[in-house]
Amino acid sequence: MSTETPQSGVFARQPEGTCYRVLMWEACALSEAALSAWAEQRAGILARMRDAGIKGSRGILAKLTAELQALAAEHIEAPLAGASRAGFSFARVGALVACLREDANVLAYRLGNAHAEVLVQLATGEGVDSMVSRWQGATEGMEWCTAPVVQSLTPAEATAWQQSIGNPAEAAEQEAEEAAAAQPFHHVTVLAAEAVAALQPAEGKVLIDATLGGGGHTERMLQAGAEVWGIDQDPAARAAARKRLAPFADRLHIVAGNFRNAAELLRKAGLEQADGLLADIGISSPQVDNAERGFSFLSDGPLDMRMNPGAPRSAADIINTTAESEIADILWQYGEERASRAIARRIVQERAKAPITTTTQLANIIASVLPRKGKQHPATRSFQALRIAVNDELGALDELLRSGLSLLKSGGRFAVITFHSLEDRAVKRYFDHVTKAEIDRPEWPAPRPNPDYAARAVYRKPLTPSAEELAANPRSRSAKLRVIEKL
Ligand SMILES: C[S@@+](CC[C@H](N)C(=O)[O-])C[C@H]1O[C@@H](n2cnc3c(N)ncnc32)[C@H](O)[C@@H]1O
């Protein structure tokens, strides 16, 4: 397993005033000869700069600055670029990365094998040296070279540097996460003890939490000593988990994206295989409780429902642009809504008068077709259906199921918590299939070996919340946990 750290981070902050590119490296990364030659020549240039400064010779100062940079490039940057030591494992520089990410003045960073480059704009009242020693102080046990190379850049040069290392999609994810960081996030973890115990977390174990959310399951895994790679497509969830789990930053890797691409996302971030994978499928409480997210028919908000606010299609897009028959199919397939056709017809009639843009508008339209019976709001099933369609939840689950075992080492555990029958059916069907050594069909004379046989069931029946958990958290009522172990 590789534990390489993410190679770069770019923030969406705009460079202003003078920016600095700081290059720092581990003391043992460069040869002593190169360093002492650099130090000697640098001291000579600095002395000449001092003289030029006293005389006010701006032209000479600019020439000497260029000389200083050329010297650094020759003695420091070129050898570092070719350095082959793989010293910067995430475990060692995780705290530095966390520190850089939290520093509001850092515009971007890039990590090499044994060095880090940071683009920063100076905070008022703090010098470059004190800032650098603050970052370096975060990495306990690492010996940094005491004299970093510091180069001043104009905002335009800083922007170019940012762009040269930046991945625009990653910058957008980080920007969204920063914007969401101030929002409160409260989610009660479901089947916390059971799901985490199933993955057997311990020191030295590497686990994947494909649905990081507020970090409830991950926190327990980290407390047990494991290293965790947490994926979430919701920037608000990532921001909340990053804050809550800051004390474990050196063993936690947060990955933005959809778990349907888990294999690719994790490989890019530096993880090939793990000892366990947990998926706590579905939405988090803040997604439902925050009216602005548009998931709830109980509070008025924009008809959105995207777990990833950057995803292209919102619930309003589906409701206002999709054919009547398709809306009916969504409500029937994902909500098992018997009045699907009548509701779809009324939606199409209403949207011809004015676009349907809010949760209350849609809930009222549904209620006008389907009068309230019993305790359940008439829009419950339709809202669930729409949410599943907006986020392609079953499609994503299917892809996660098909790639999950490939992400695990032999003996690794794959645990999934579901909250409704459509999801549970998909998990049960897939887990049943891969745990059967042979397949039998009525038309076959004898059973045949199952080419997909790859795991054993850990529990015969799904685990469900205890009476205490149900009493404390009614939202856990439909949860089911299924677990298999890779052979
Ligand atoms: C039920 S919450 C997880 C809560 C978490 N286990 C905890 O205890 O705090 C589900 C999370 O998974 C995320 N999620 C759902 N589907 C996803 C997908 N396809 N890809 C990535 N994240 C997803 C949601 O954004 C949400 O934050």
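These values consider heavy atoms only, across backbone and side chains, with no hydrogens, waters or symmetry-generated copies. When a ligand or atom number is given, it counts from 1 through the structure's own listing order.
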Show me which atoms of ligand 1 lie under 4.0 Å from any heavy atom of A237. 27 (O)
Mind checking whether Q287 has a heavy atom under 4.0 Å from ligand 1? yes
Pair S314-D304, side-chain donor/acceptor within less than 3.5 Å: no
Given R220 and E194, is the salt bridge (charged side-chain N to carboxylate O under 4.0 Å, His left out) satisfied, shown in steps? CA-CA 11 Å; R220 287 177 173 243; E194 295 85 344; over 6 Å; no
Between the side chains of E227 and H253, is a donor N or O closer than 3.5 angstrom to an acceptor N or O? yes
Atom 14 (N) of ligand 1: nearest protein contact (heavy atom, Å): M307 SD, 3.8 Å
Going by side chain to side chain donor-acceptor pair (under 3.5 Å), E393 matches just one of R387, H420, R260. Which one? R387
Taking NZ, NE, NH1 and NH2 as the nitrogens, is one of them in R242 or E177 under 4.0 Å from a carboxylate oxygen of the other? yes
Protein heavy atom at shortest distance from atom 20 (N) of ligand 1: F259 N, 2.8 Å
For atom 10 (C) of ligand 1, state which one of A396, G282, G213 supplies the nearest heavy atom. G282
Counting only heavy atoms, which portion of H217 has something under 4.0 Å from ligand 1: side chain, backbone, both, or neither? both
Flag R244 as yes when one of its N or O atoms lies below 3.5 Å from any N or O atom of ligand 1, and as no otherwise. no
Would a distance-only check, ignoring hydrogens and angles, find a side-chain to backbone donor-acceptor pair under 3.5 Å from S478 to F419? yes
Could you tell me which atoms of ligand 1, counted from 1 in the order shown, lie closer than 4.0 angstrom to a heavy atom of G257? 20 (N), 21 (C)
To the nearest 0.1 Å, how far is atom 8 (O) of ligand 1 from its closest protein heavy atom, and which atom is that? T189 OG1, 2.7 Å
Per-residue contact class, R260 against ligand 1 - non-hydrogen pairs under 4.0 Å: neither
Without hydrogens or angle criteria, can the side chains of W135 and D103 be said to hold a donor-acceptor pair below 3.5 Å? yes
Polar contact flag, side-chain donor to acceptor under 3.5 angstrom, R381-Q376: yes
Report, in ascending order of atom number, the atoms of ligand 1 lying under 4.0 Å from any heavy atom of G216. 7 (C), 8 (O), 9 (O)
Quick check: does G214 get an N/O under 3.5 Å from an N/O on ligand 1? yes
What I want to find out is whether K205 reaches D275 closely enough, with some N-O distance under 4.0 Å, to be called a salt bridge. no
Looking at non-hydrogen atoms alone, which of I283, D392, T211 comes nearest to atom 1 (C) of ligand 1? I283
Using the six-membered ring of F295, assess whether NZ or CZ of R293 lies under 6.0 Å from its centre and within 45 degrees of the ring axis. no
Out of L212, D280, N258, who gets a non-hydrogen atom closest to atom 3 (C) of ligand 1? D280
Ignoring hydrogens, just give me the one of D234, L265, N308, D232 whose non-hydrogen atom is nearest atom 11 (C) of ligand 1. D232
Atom 22 (N) of ligand 1 has as its nearest protein heavy atom Q233 N, 3.2 Å
